[in-house]
Amino acid sequence: MLRSDLELTEGSIISQMISIWTASSHTTSLLLTWMFYFLGKHKDVQQKLREEIRTVVGDEELTPKHLQDLCYTRKCIDETLRCGVVATWGARISENDEKIGDYVVPKNTPILIPIGIQCQDQDIFPDPLTFNPDNFDSEKMKKRRKDFGKFVYSPLGFAGKRVCPGQRDTMVKAQMILVNSSEILN
């Protein structure tokens with residue numbers, strides 16, 4: 001639960017910003033380690049990624065609009081997070097009594113969510129051990145969310161106040177590094 005009685009001082013805000021930046025840098029380095037591994041194993045994906053970067057960014061200086069338009073790059077990042085399982089689990093406290101199958105989880109019960117297992121579930125991702133960025137085509141993801149719920153793919157936490165505070169920073173840094181590394185990928 002979020003506390004509203006805490007005083008936000010300049011020092012506490014700076015401390016939180018440093019914590020988020022540090023954690024997202026760690027996540028970004030793990031993500032890129034796996035990404036370069038998968039790209040090295042899948043030359044076809046590497047080539048398609050390079051072509052998208054050349055087409056969208058070309059010789060221009062990278063802008064937020066470019067990042068938004070790098071759709072295949074984002075699919076590669078999402079597939080890397082799914083296959084590489086950068087965050088293996090999430091922890092929560094149930095805020096209400098929750099029914100899961102035939103079981104009732106009482107309010108205030110600690111819960112571990114196995115993100116890694118969910119990302120490798122063959123009911124959700126057919127052929128889950130194969131690196132395939134097309135798993136993240138928008139129509140496929142809409143169907144998964146409809147069939148399995150809106151949190152079917154949450155590799156860095158859950159929506160709203162439960163998402164990793166450094167998630168956006170991680171995604172932007174990863175895209176920027178991929179764009180700047182695209183020409184050396186062979």
Side-chain angles (χ1 to χ4, degrees), residues 1-35 38 68 71 74-175:
M1 176 170 285
L2 295 175
R3 292 182 52 185
S4 60
D5 62 333
L6 297 175
E7 182 181 342
L8 287 178
T9 65
E10 183 178 347
S12 67
I13 292 170
I14 291 170
S15 175
Q16 288 300 312
M17 289 173 61
I18 290 170
S19 294
I20 290 168
W21 184 83
T22 302
S24 73
S25 294
H26 177 75
T27 303
T28 304
S29 67
L30 289 172
L31 165 62
L32 290 170
T33 298
W34 279 111
M35 173 72 88
F38 288 124
Q68 197 174 22
C71 299
R74 180 56 194 256
K75 288 180 190 179
C76 290
I77 290 171
D78 284 336
E79 183 68 350
T80 298
L81 288 168
R82 186 191 72 76
C83 290
V85 190
V86 171
T88 54
W89 57 273
R92 300 288 175 260
I93 304 281
S94 62
E95 293 180 350
N96 304 298
D97 289 348
E98 297 290 340
K99 187 168 180 165
I100 301 174
D102 294 333
Y103 302 95
V104 174
V105 178
K107 180 180 179 175
N108 295 323
T109 300
I111 301 170
L112 290 177
I113 296 103
I115 296 169
I117 292 171
Q118 180 181 352
C119 287
Q120 304 284 314
D121 186 326
Q122 68 183 13
D123 291 334
I124 300 171
F125 293 97
D127 201 11
L129 300 179
T130 300
F131 183 79
N132 178 10
D134 292 332
N135 275 324
F136 289 91
D137 284 336
S138 60
E139 290 305 312
K140 288 180 184 176
M141 286 309 295
K142 280 182 194 173
K143 182 171 179 0
R144 283 189 187 104
R145 287 188 179 101
K146 180 180 177 236
D147 294 348
F148 298 101
K150 64 183 177 180
F151 300 123
V152 68
Y153 176 72
S154 301
L156 298 174
F158 304 95
K161 64 184 180 181
R162 302 290 185 236
V163 74
C164 170
Q167 178 176 342
R168 288 182 194 262
D169 188 53
T170 293
M171 295 302 183
V172 169
K173 281 193 277 196
Q175 284 181 297

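Quantities reported herein were computed from a predicted structural model and do not represent experimental measurements.
- Counting heavy atoms from C-beta on, the side chains of Ser25 and Lys173 come closer than 4.5 Å.
- With a 4.5 Å cut-off on side-chain heavy atoms, Cys83 and Trp34 do not count as touching.
- Taking the ring centroids of Phe148 and Phe125, they lie at or beyond the 6.0 Å cut-off.
- A pairwise comparison of heavy atoms in Pro155 and Ile115 identifies CA-CG2, 3.9 Å as the closest pair.
- Taking the side chain as every heavy atom from C-beta outward, Gln120 and Val85 approach each other to under 4.5 Å.
- In this structure, CD on Gln167 lies 12.0 Å from CD1 on Ile20, to the nearest 0.5 angstrom.
- Rounding to the nearest 0.5 Å places CD of Glu79 at 10.0 Å from CE of Met35.
- Side-chain N/O atoms of Thr27 and Ser24 include no donor and acceptor closer than 3.5 Å.
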* I would like to know whether Lys140 and Asp134 meet salt bridge (charged side-chain N to carboxylate O under 4.0 Å, His left out); could you show each step before the answer? => CA-CA 9 Å; Lys140 288 180 184 176; Asp134 292 332; 5.9 Å; no
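- Annotation: side chain of Leu81 is in contact with side chain of Tyr153 (closest heavy-atom distance under 4.5 Å).
- In this structure, CG on Leu8 lies 5.0 Å from CD1 on Ile13, to the nearest 0.5 angstrom.
- Using modelled atom types, no side-chain atom of Arg82 and backbone atom of Asn135 make a donor-acceptor pair closer than 3.5 Å.
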* **CA sep, side-chain torsions, deciding dist, call: Thr22, Ser19, side chain to side chain donor-acceptor pair (under 3.5 Å)** => CA-CA 5 Å; Thr22 302; Ser19 294; over 6 Å; no
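- Asp78 has a carboxylate O that lies under 4.0 Å from a charged side-chain N of Arg74, or vice versa, which qualifies the two as a salt bridge.
- What you find for Ser94 and Pro106 is that their closest heavy atoms are OG-O, 2.7 Å.
- A 4.5 Å side-chain heavy-atom check between Phe136 and Ser138 finds every atom pair outside the cut-off.
- Arg145 is not listed as a side-chain neighbour of Lys142, based on a closest heavy-atom distance of 4.5 Å or more.
- Between the OG1 atom in Thr109 and the CD1 atom in Ile93 there is a gap of 8.0 Å [rounded to 0.5 Å].
- Under the salt bridge (charged side-chain N to carboxylate O under 4.0 Å, His left out) criterion, Glu10 pairs with no residue at all, not counting sequence neighbours.
- Side-chain contact check for Glu98 versus Ile111: every heavy-atom pair is 4.5 Å or farther apart.
- No more than 12 heavy atoms of other residues, nucleotides or ligands sit less than 6.0 Å from atom CD1 of Ile117.
- The distance from atom CG of Asn132 to atom CZ of Phe38, rounded to the nearest 0.5 Å, is 12.0 Å.
- Contacts of Asp147 classified as salt bridge (charged side-chain N to carboxylate O under 4.0 Å, His left out), with partners at least two apart in sequence or in another chain: Lys143.
- The two residues Ile77 and Gln175 have their closest heavy-atom pair at CD1-CG, 3.6 Å.
- For the atom pair CG of Leu30 and NE2 of His26, the computed distance is 4.0 Å after rounding to the nearest 0.5 Å.
- Taking 4.5 Å as the limit, every side-chain heavy atom of Asp97 sits out of range of all side-chain heavy atoms of Val105.
- Shown here for Thr33 and Ser29, the closest heavy-atom pair between the two residues is OG1-O, 2.8 Å.
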